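Working notes for the structure below.
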Amino acid sequence: MEDNNIVVIYGSDAFNNTYKILQSLNIAKDIKSCSRIGIKPNLVVSQKSELGATTDPEIVRAIVQYLQDNNHKNIVILEGSWVGDNTKRAFEVCGYNAIAKSYGVEILDLKGDKSITKEVGNLNLAICNEMTKIDYLINVPVLKGHCQTRMTCALKNLKGCIPDSEKRRYHTLGIHKPVAYLNTLIKTNLVIVDGIYGDLDFEEGGTPLNMNRIIACKDAVMVDSYVCELMGIDIADVEYITLSEMLNVGSTKYNKQNIIELNGNEKLELPQRKNDIIKFDNVVEKDSCSACYASLVHALTRSNKKNIKEKICIGQAFKNQKIDDAIGIGKCCNQFSTYVKGCPPTARDIIEFLDDYK
Ligand code: SF4
């Protein structure tokens with residue numbers, strides 16, 4: 001396969017279609033013998049893939065099967081769930097422990113790993129040590145919308161490869177810039193996008209959509225650009241994609257000839273997204289972590305709390321601020337006279353708090 005090809009296979013058979021796409025790309029020839037191969041799914045939360053947030057384990061099982069069939073044995077599955085969730089629970093709930101056991105591959109919770117800090121651009125960014133030992137990285141994100149960055153796919157999936165403290169800090173740095181620079185520190189060699197079930201609106205799932213496809217590409221910038229097109233998002237509106245291109249992580253430029261559909265007759269068109277960046281007139285958001293903001297969005301959009309009029313503040317910029325005329329969300333707002341405990345609080349915590357408010 002050329003590096004600038006995007007290969008798509010339609011259908012819901014995650015195992016066989018992943019195996020076919022890997023065979024058609026002849027990926028095995030790209031990997032040197034004895035390489036340590038990392039497989040990085042998206043297990044942002046402990047939910048089964050059918051709910052739209054996490055990578056279908058059958059895709060990862062097919063990747064492992066394909067690699068072992070081609071005599072690649074040094075394989076590790078690595079992930080660190082988002083702030084507030086437990087990767088080990090996600091491995092179990094999402095079916096990854098069973099894969100690791102039956103195929104005899106390593107599985108690592110990156111939340112338990114030490115980190116190494118590297119200077120890049122004018123930033124110091126910490127990445128998990130284990131990522132420095134990987135020779136060939138297969139990035140296996142889910143095609144999803146995101147309430148802060150519009151979309152998330154391959155480039156942002158690497159946020160699971162940094163310590164939790166860094167995940168929080170990225171939001172104080174505006175999220176886009178550190179995500180782009182992170183992709184200069186950790187190189188993705190191949191992206192396999194889970195487009196079986198995704199969620200066009202929410203990173204944490206809950207409104208799953210059967211999109212019936214798997215997408216492969218060697219260029220993380222290009223595949224994210226293609227996914228933007230599928231979702232009806234202008235690439236220029238997702239700053240970490242254009243910045244990654246400027247940093248030579250990959251290219252946003254492709255044309256129809258670059259898109260190879262292995263079975264185009266089974267194609268399904270995607271519906272339009274309902275949400276763009278989600279904002280509320282009464283919410284003041286400054287540097288909030290994704291998990292925290294997602295809980296608030298969930299509480300305000302999926303409950304009967306839509307019509308709350310009180311001012312609500314959320315984010316790390318509110319640390320140590322004494323505020324009496326607003327509701328604070330999360331531990332960062334613990335100097336407010338009224339705030340929801342937790343770091344992050346769950347959507348249920350926020351809904352219950354708002355139920356009891358007044
Ligand atoms: S309270 Fe929310 S915004 Fe503050 S650090 Fe915790 S998760 Fe992040």
Side-chain angles (χ1 to χ4, degrees), residues 42-47 53 79-87 89-90 109-112 115 123-126 128 144 146-149 152 156-179 182 202-206 240 277-280 282-303 305 308 310-354 356-357:
N42 183 331
L43 303 179
V44 62
V45 289
S46 307
Q47 287 177 5
E79 171 62 314
S81 300
W82 73 1
V83 171
D85 216 314
N86 181 312
T87 320
R89 187 168 59 225
D109 173 5
L110 291 174
K111 288 195 189 225
S115 64
L123 299 172
N124 286 311
L125 298 180
C128 293
K144 290 187 286 187
H146 192 280
C147 60
Q148 292 167 306
T149 60
T152 174
K156 212 169 93 42
N157 193 33
L158 294 193
K159 211 164 153 254
C161 306
I162 61 176
D164 275 4
S165 56
E166 282 289 89
K167 289 175 192 147
R168 291 190 185 96
R169 194 171 71 93
Y170 272 33
H171 291 274
T172 68
L173 299 170
I175 191 72
H176 292 276
K177 186 175 172 184
V179 165
L182 173 64
F202 300 104
E203 182 188 16
E204 77 280 20
Y240 68 75
I277 287 182
I278 302 176
K279 290 194 182 297
F280 306 90
N282 57 328
V283 172
V284 184
E285 187 269 318
K286 289 182 189 167
D287 306 341
S288 64
C289 302
S290 298
C292 212
Y293 194 61
S295 290
L296 180 62
V297 167
H298 187 118
L300 295 181
T301 58
R302 301 180 191 176
S303 73
K305 300 298 164 204
I308 287 273
E310 282 75 7
K311 185 173 159 190
I312 297 175
C313 298
I314 182 168
Q316 297 170 81
F318 291 102
K319 274 182 190 166
N320 302 319
Q321 290 200 32
K322 293 183 190 299
I323 294 179
D324 294 328
D325 63 347
I327 298 169
I329 303 295
K331 187 179 167 191
C332 288
C333 298
N334 63 7
Q335 298 300 305
F336 283 42
S337 52
T338 313
Y339 77 101
V340 184
K341 290 181 182 164
C343 181
T346 64
R348 172 63 40 209
D349 294 334
I350 298 171
I351 291 169
E352 285 175 359
F353 179 91
L354 294 176
D356 294 341
Y357 185 68

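We count ligands from 1, going down the list as the structure has it; atoms in each ligand are counted the same way. Note that the structure is a prediction, hence the values are computed from the model and not measured.
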Considering the heavy atoms of [X], write down every atom of ligand 1 situated less than 4.0 Å from one of them.
X: K331; result: 1 (S)
X: R168; result: 5 (S)
X: G330; result: 1 (S)

query = Which residue supplies the protein heavy atom nearest to atom 2 (Fe) of ligand 1, what is that atom called, and how far is it?
reply =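 Result for atom 2 (Fe) of ligand 1: C292 SG, 2.4 Å.
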ask   = Considering only protein heavy atoms, which is closest to atom 3 (S) of ligand 1, and at what distance to one decimal place?
value =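 Minimum-distance protein heavy atom for atom 3 (S) of ligand 1 reads C289 N, 3.6 Å.
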key: Non-hydrogen atoms of E203 and T152 that approach each other most closely   =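 The pair with the smallest heavy-atom distance is CG-CG2, 4.2 Å.
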request  = Quick one: closest heavy-atom pair of A326 and C313, and the distance?
outcome  =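 What the structure gives for the nearest pair is CB-SG, 3.8 Å.
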inquiry  = Can you confirm whether K111 is buried at NZ, in the sense that more than 12 heavy atoms of other residues, nucleotides or ligands lie under 6.0 Å from that atom?
reply    =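 Yes, enclosed.
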inquiry  = Do D85 and S46 pair up side chain to side chain, a donor and an acceptor below 3.5 Å, judged on atom types alone?
reply    =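 Side-chain D/A pair, D85 to S46: present.
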query = Out of P344, A317, C333, C332, whose heavy atom is nearest to atom 4 (Fe) of ligand 1?
reply =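 Of the listed residues, C332 has the closest heavy atom.
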task = Counting heavy atoms only, name the option from P345, C343, G328 that's nearest to atom 6 (Fe) of ligand 1.
result =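 Comparing heavy atoms across P345, C343, G328, the nearest one to atom 6 (Fe) of ligand 1 lies in C343.
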message = Is there a side-chain contact between N42 and K144 in this structure, where contact means two heavy atoms from C-beta onward sitting under 4.5 Å apart?
response =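 Of all side-chain heavy-atom pairs linking K144 with N42, at least one is under 4.5 Å.
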query = Below 4.5 Å, heavy atoms only, C-beta onward: do T149 and K156 meet side chain to side chain?
reply =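 Result yes, sub-4.5 Å side-chain heavy-atom pair found.
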ask   = Is the distance from atom 8 (Fe) of ligand 1 to some N, O or S atom of H171 under 2.8 Å?
value =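 No, outside the cut-off.
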